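Here's the structure we're looking at; comments come further down.
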Amino acid sequence: SLPVPLLSLVAPRFGNGSAKPKQILSVPVPLPPPGTRTDVAYVELLRRDNEPLGLVIAGGAELGERISVDDLRPTGIAKRSESLEIGDRILAVNGTATHGLGHDEVVGLLQSAGHVVNLEIEYDLP
């Protein structure tokens with residue numbers, strides 16, 4: 001079996017590039033397919049009362065798949081943020097790692113996240 005890496009340092013995906021890498025949760029994550037280059041970023045979504053995230057996820061531990069963005073609804077703040085893309089993997093919601101969680105557990109994290117939703121995402125590099 002292949003080794004499972006620990007993520008420890010990340011660089012921002014957005015911004016002026018001046019941000020310093022910062023420590024994240026050291027959580028084992030499955031390896032991406034061979035030849036895939038990835039990076040990790042932080043996305044903060046701010047929502048008003050009852051405003052939908054508009055984020056549809058796929059995957060979960062019960063399926064043996066990582067949690068990923070499956071769709072972005074046009075009226076949701078996730079789409080308007082222009083920070084997420086279909087296929088991005090969600091590593092954590094407000095500091096809670098999604099690795100090992102079921103689909104419904106992650107849906108619950110997103111629904112109960114409150115007005116500030118901090119996502120740690122992994123995305124493929126071109």
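Not measured: the values here are computed from a predicted model.
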Mind checking whether Ile90 and Leu109 sit in one hydrophobic cluster, side chains of I, L, V, M, F, W, Y counted as touching below 4.5 Å? yes
Less than 4.5 Å apart, side chain to side chain, heavy atoms only: is that true for Ile57 and Asp70? no
If I compare all heavy atoms of Glu122 with all of Arg66, which pair ends up nearest, and what's the gap? OE1-NH2, 2.5 Å
Can you check whether Ala78's main-chain N or O pairs, donor with acceptor, with Arg80's side chain at less than 3.5 Å? no
Say you draw a straight line from CG of Leu72 to OG of Ser81; how long is it, rounded to the nearest 0.5 Å? 7.5 Å
Work out which heavy atom in Ala113 is nearest to a heavy atom in Val117; give both atom names and the distance. CB-CG2, 3.6 Å
Do Leu101 and Ile67 come within less than 4.5 Å of each other through their side chains, counting heavy atoms only? no
Just so I know, are the side chains of Ile77 and Leu46 near enough to count as touching, which here means a heavy-atom distance under 4.5 Å? no
Keeping Ser68 on the side-chain end and Asp88 on the backbone end, is there a donor-acceptor pair under 3.5 Å? no
Contact check, side chains of Val116 and Glu44, non-hydrogen atoms, under 4.5 Å: yes
side-chain contact (heavy atoms from CB on, under 4.5 Å) for Leu119 and Leu55? Distances and angles first, verdict last. CA-CA 12 Å; Leu119 301 175; Leu55 178 62; 4.3 Å; yes
Just by modelled atom types, is the Val40 backbone N or O under 3.5 Å from a matching donor or acceptor in the Glu120 side chain? no
Checking Asp124 side chain against Thr38 main chain: does a donor-acceptor pair fall under 3.5 Å? no
Is Tyr123 reachable from Val56 through a run of hydrophobic residues whose side-chain heavy atoms are each under 4.5 Å from the next? no
For Arg73, I'd like to know if atom CZ has over 12 heavy atoms of other residues, nucleotides or ligands within 6.0 Å. no
Mind listing the closest non-hydrogen atom pair of Arg47 and Leu110 along with its distance? NH2-O, 3.3 Å
Write down the atom of Val43, the atom of Ser83, and the distance for their closest heavy-atom approach. CG1-CB, 3.7 Å
Find out whether Asn118 and Val93 are in side-chain contact, i.e. whether some heavy atom of one side chain is under 4.5 Å from a heavy atom of the other. no
